[in-house]
Amino acid sequence: MAPVFASLHDAVAELIHDGDTVAMEGFTHLIPHAAGHEVIRQGRTDLTLIRMTPDIIYDQLIGAGAARKLVFSWGGNPGVGSLHRLRDAVEHGWPRPLELAEYSHAMMASAYVAGASALPFGVLRAGAGTSLPEQNPALQSVICPFTGESLTAVKAHRPDVTVIHAQRADRTGNVQLWGIVGIQKEAVYCAQRSLVTVEEIVDELAPMPGAVVLPAVTVTMIALAPGGAHPSYAQGYYRRDNAFYLAWDATSRSRESFGAWLRGVRAGS
Amino acid sequence: MAPVFASLHDAVAELIHDGDTVAMEGFTHLIPHAAGHEVIRQGRTDLTLIRMTPDIIYDQLIGAGAARKLVFSWGGNPGVGSLHRLRDAVEHGWPRPLELAEYSHAMMASAYVAGASALPFGVLRAGAGTSLPEQNPALQSVICPFTGESLTAVKAHRPDVTVIHAQRADRTGNVQLWGIVGIQKEAVYCAQRSLVTVEEIVDELAPMPGAVVLPAVTVTMIALAPGGAHPSYAQGYYRRDNAFYLAWDATSRSRESFGAWLRGVRAGS
Amino acid sequence: MKPTGEETMRIVAARALRGHRTCFVGIGAPSAAANLARRIHNPDLLLIYESGTIGSKPNVLPLSIGDGELAETADSVVSVPEIFAYWLQAGRIDVGFLGAAQIDRTGRLNTTVIGPYQRPRVRLPGAGGAPEIAAAAREVVIMLRQRPEAFVERLDFVTSVGRPARVITDLGVLVPDDGTGELTLTQVHPGVTVDQARAATGWPLSVAADVGETAPVTEEELAVLRALEQ
Amino acid sequence: MKPTGEETMRIVAARALRGHRTCFVGIGAPSAAANLARRIHNPDLLLIYESGTIGSKPNVLPLSIGDGELAETADSVVSVPEIFAYWLQAGRIDVGFLGAAQIDRTGRLNTTVIGPYQRPRVRLPGAGGAPEIAAAAREVVIMLRQRPEAFVERLDFVTSVGRPARVITDLGVLVPDDGTGELTLTQVHPGVTVDQARAATGWPLSVAADVGETAPVTEEELAVLRALEQ
């Protein structure tokens with residue numbers, strides 16, 4: 001039916017459970033950071049986290065010990081350098097070991113599209129000759145029945161929950177996002193459940209050039225979270241906080257300074 | 001490089017040759033009728049015509065003897081009844097026999113998407129148990145390497161030329177269309193060459209909600225053809241001429257009345 | 001006002017949309033039924049047209065499934081590949097309507113040819129979205145006039161396959177038997193007899209032990225349908 | 001003003017975009033080179049970012065590939081699946097840039113791990129779009145600083161495979177041999193010797209019979225690059 005409107009706290013409590021497979025998407029733009037913080041605050045654990053670019057949002061969740069496994073294609077701090085918490089988990093098993101399932105961007109996109117289409121796999125022409133299929137059993141090959149060509153088959157993503165941030169929703173639960181729309185539609189559509197945090201809830205969604213509308217029937221819950229994409233940005237609302245990304249390099253570099261950041265988030269409301 | 005602007009006559013002369021495989025798309029909306037008439041006027045023949053819904057535009061080309069083969073998924077006059085010229089060609093070989101390659105809508109869509117993605121085939125879950133694969137060798141099966149499920153594999157469409165009609169283009173050749181956008185993007189992207197007829201050519205494309213922009217590098221030629229979608233419609237320009245669709249039933253029903261129509265088109269400029 | 005058999009068919013189909021969220025709409029009888037349901041039985045019903053319009057709210061029935069009003073009144077307009085992959089195949093459609101020229105006793109449909117495929121007596125429009133609607137809609141509702149030439153022992157071509165939820169005709173309603181899956185007459189419209197339905201069926205019609213009667217068409221249903229179809 | 005080796009690398013990469021229509025841009029050195037080219041050598045160059053922006057015209061270099069300015073200045077913004085399927089895989093990209101932590105003599109790249117995969121000494125960001133750029137761009141241009149730890153006999157992980165058009169370093173330019181495909185030094189930047197390049201390579205470097213010298217960086221190139229990178 002129509003999505004349920006709830007507080008961010010209640011929506012996360014309702015939709016995200018320990019051990020779930022969770023995708024939080026947003027390609028640089030509209031990253032659902034507020035939801036990520038709420039997952040940390042509620043102490044979720046053993047999550048399998050899916051995301052093309054783990055970015056700061058997953059560095060935080062990984063550092064907080066929320067993740068058992070990471071499914072991803074590029075794990076850096078864009079334009080800055082390493083994700084230190086991700087590296088610490090992989091290189092030293094701190095705060096816990098992190099299993100990896102590693103793809104390329106196009107493979108991740110294809111896995112989301114396949115999931116959104118209720119197909120068991122997607123097909124693409126990349127990855128042959130690389131080490132990726134050796135490490136990831138979700139990458140196999142498939143033969144074209146017409147040409148005999150061997151292509152890469154990637155297993156569909158079907159997360160338990162997808163979380164995204166959008167500019168706005170109307171009161172019946174239609175969601176609108178615009179600007180760089182990335183993989184969010186497919187991430188929501190391939191999931192069993194979905195949570196959309198929004199900058200605002202409006203009476204009517206004025207049509208916007210380049211906007212994607214997720215019809216209400218495709219969304220499970222909506223939570224108002226103004227500023228919820230910070231330090232990433234929400235086009236039309238606020239700009240990317242590049243200083244935060246740069247500062248995160250120092251904050252996240254040591255377990256101690258990250259711990260201080262984490263205590264702050266946990267103390268937050 | 002950037003698309004070439006030309007008259008409709010010159011563009012058709014340049015891009016569409018006897019024996020070509022040609023897709024003319026537009027799902028009810030923005031059907032490139034003016035281009036279809038120009039193909040008739042220039043006497044093209046032996047064409048393989050691809051289109052989800054052959055509609056009046058292909059009824060005319062088939063009746064004119066331009067087509068050797070039809071690749072399609074639904075061949076009726078929407079809301080009215082039969083396409084009489086299509087039926088006459090299939091049932092009686094008049095004015096010439098017409099080979100058919102028959103799909104469902106989802107299969108056609110998948111074939112266009114695969115072509116636009118430069119993949120040799122698309123995958124979908126429909127068609128098993130039907131008679132369609134018996135009649136169409138472009139429908140095979142493929143086994144999911146993860147689940148063992150058998151799915152339908154459809155061979156990619158790669159037409160020589162795709163023709164669409166759009167609301168407008170800018171002077172550098174970016175094309176903009178909005179409203180029901182159907183399969184036009186994929187039809188253009190999967191083709192070797194493309195012709196876009198437009199209602200108008202403008203200095204700058206004002207962003208429009210719901211608009212699809214085909215960047216200039218994806219288009220081969222652009223021809224100004226105001227009203228070029230009639231009797232279908234161009235959202236924001238003119239409405240669907242439902243009376244024409246209803247009248248086509250009588251016009252096309254006999255070879256004689258169709259012949260009179262055809263003489264009129266051939267005499268047209 | 002007294003409804004024709006075809007009007008009753010559309011009205012009964014509209015009632016079948018009660019309690020559902022989403023309906024995949026083709027042109028003709030399905031469009032009439034879906035829009036009637038949205039007006040009377042289920043104002044929140046989301047109409048999804050294969051042309052890519054989601055949540056269309058047309059005021060009059062469009063002649064084609066791609067008329068401008070469908071896009072202008074929609075919550076969202078998406079591409080044709082998206083409507084088939086992310087909506088229909090993805091299982092987001094509660095009810096899909098289908099019509100046909102021929103149906104067999106398992107509910108398989110033919111909308112392709114009458115006669116042999118290579119040399120048909122009548123070339124019909126073909127599959128359209130029927131194979132994927134039959135495969136992916138949670139409930140498939142078939143509407144067609146009951147005549148021996150349509151309800152046949154053997155289809156000339158199998159255009160779509162899939163167990164329908166029900167077949168609504170101008171005479172009554174057929175539902176697949178729980179065990180065998182064979183279409184079984186469970187309901188006749190007011191004034192129609194079981195024998196009439198048998199006579200209009202090209203195979204020995206299976207009839208339920210207790211055949212019900214369709215609740216009479218209301219004045220409102222008929223008035224709204226006729227207003228839509230003018 | 002005298003360019004650093006890395007500045008020369010970017011400037012030479014920008015020159016390689018002359019005469020091309022479309023460039024697939026990642027962040028960092030590729031973005032600098034592509035935007036420099038658009039300003040000096042090829043004003044019509046269409047910049048395509050993997051975030052889905054087509055025809056972006058940023059005024060300053062974005063920190064990330066998804067900054068708002070990229071969308072606001074684009075001719076069109078499409079989804080991530082579309083940019084990879086309809087643009088990159090479809091062969092619409094003339095030039096794709098790649099960087100790496102390690103390269104081998106056939107031009108294969110590693111951006112995944114240093115050390116064994118299961119227990120890496122250094123965990124690198126991973127593949128991103130590199131496998132598909134390497135597979136589908138008409139020309140692949142690799143940019144990385146030439147050091148023995150980067151130019152290695154054996155990669156720790158093969159992240160991408162594909163014959164590059166050229167490898168541009170801070171010391172010179174390497175091109176695959178027509179026959180063997182082995183990367184061969186064909187050009188050194190002003191002031192760099194072939195021996196320096198050999199010493200910076202972790203395998204016995206193949207050197208062309210006639211090694212050219214890179215045309216000196218112009219004042220304009222350097223000024224524009226530095227303005228972009230502030």
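Below, chains carry the letters A, B, ... as their sequence lines are ordered, and counting in each starts from 1.
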I'd like to know which of B:Gly210, B:Ser131, B:Ala106 tops the heavy-atom pair count under 4.5 Å against chain C.
B:Ser131

Against chain C, label B:Arg125 side chain, backbone, both or neither, depending on which of its atoms sit under 4.5 Å from a heavy atom there.
both

Part of B:Leu124 lying under 4.5 Å from any heavy atom of chain C
both

Any side-chain donor paired with an acceptor under 3.5 Å for B:Ser104 and C:Glu132?
yes

Between B:Trp248 and B:Asp59, a side-chain donor and acceptor under 3.5 Å
yes

Per-residue contact mode, C:Ala135 against chain B (heavy atom under 4.5 angstrom)
side chain

Can you confirm if the aromatic rings of B:His105 and B:Phe27 lie within a centre distance of less than 6.0 Å?
yes

Main-chain N/O of C:Gln146 paired with C:Asp170 side-chain donor or acceptor, under 3.5 Å
yes

Proximity breakdown for C:Phe157 and chain B, heavy-atom pairs closer than 4.5 Å:
both

Of the listed C:Thr112, C:Val122, C:Leu88, C:Leu109, the one with the largest count of heavy-atom pairs under 4.5 Å with chain B is C:Val122

Shorter than 4.5 Å, heavy atoms on both sides: which option in B:Ala109, B:Gly75, B:Gly76 has the most such pairs with chain C?
B:Gly75

Please look at C:Ser160 and chain B and tell me whether the side chain, the backbone, both or neither of the residue comes under 4.5 angstrom of a heavy atom of that chain.
backbone

Under a 4.5 Å heavy-atom cut-off, does chain B meet the side chain of C:Glu82, its backbone, both or neither?
neither

Test side-chain contact (heavy atoms from CB on, under 4.5 Å) on B:Glu200 and B:Gln167; report intermediate values, then the result.
CA-CA 7 Å; B:Glu200 55 176 339; B:Gln167 277 100 337; over 6 Å; no

Cut-off 3.5 Å, side chains only: do B:Glu25 and B:Tyr112 have a donor facing an acceptor?
yes

Of C:Gly68, C:Gly126, C:Gly52, the largest count of non-hydrogen pairs under 4.5 angstrom with chain B goes to C:Gly68

Is the backbone N or O of B:Gly26 less than 3.5 Å from a side-chain atom of B:Arg51, with the two atoms forming a donor-acceptor pair by type?
yes

What part of C:Val113 gets within 4.5 angstrom of chain B, counting heavy atoms only: side chain, backbone, both, or neither?
neither

Looking at chain C, which one of B:Met52, B:His29, B:Glu102, B:Gln184 has the largest number of heavy-atom pairs inside 4.5 Å, strictly under?
B:Glu102

Option that, when pairs with chain B are counted at under 4.5 Å, heavy atom only, ranks first among C:Pro125, C:Ala74, C:Ala71
C:Pro125

Ring centres under 6.0 angstrom apart (B:Tyr103, B:His157)
yes

Pair B:His230, B:Asp241: side-chain N/O donor-acceptor within cut-off below 3.5 Å:
yes

Assert top hit (heavy-atom pairs under 4.5 Å, partner chain B, pool C:Gly128, C:Pro131, C:Ala127) equals C:Gly128

Is the backbone N or O of B:Asp55 less than 3.5 Å from a side-chain atom of B:Thr53, with the two atoms forming a donor-acceptor pair by type?
no

In terms of heavy-atom proximity below 4.5 Å to chain C, should B:Glu91 be classed as side chain, backbone, both, or neither?
both

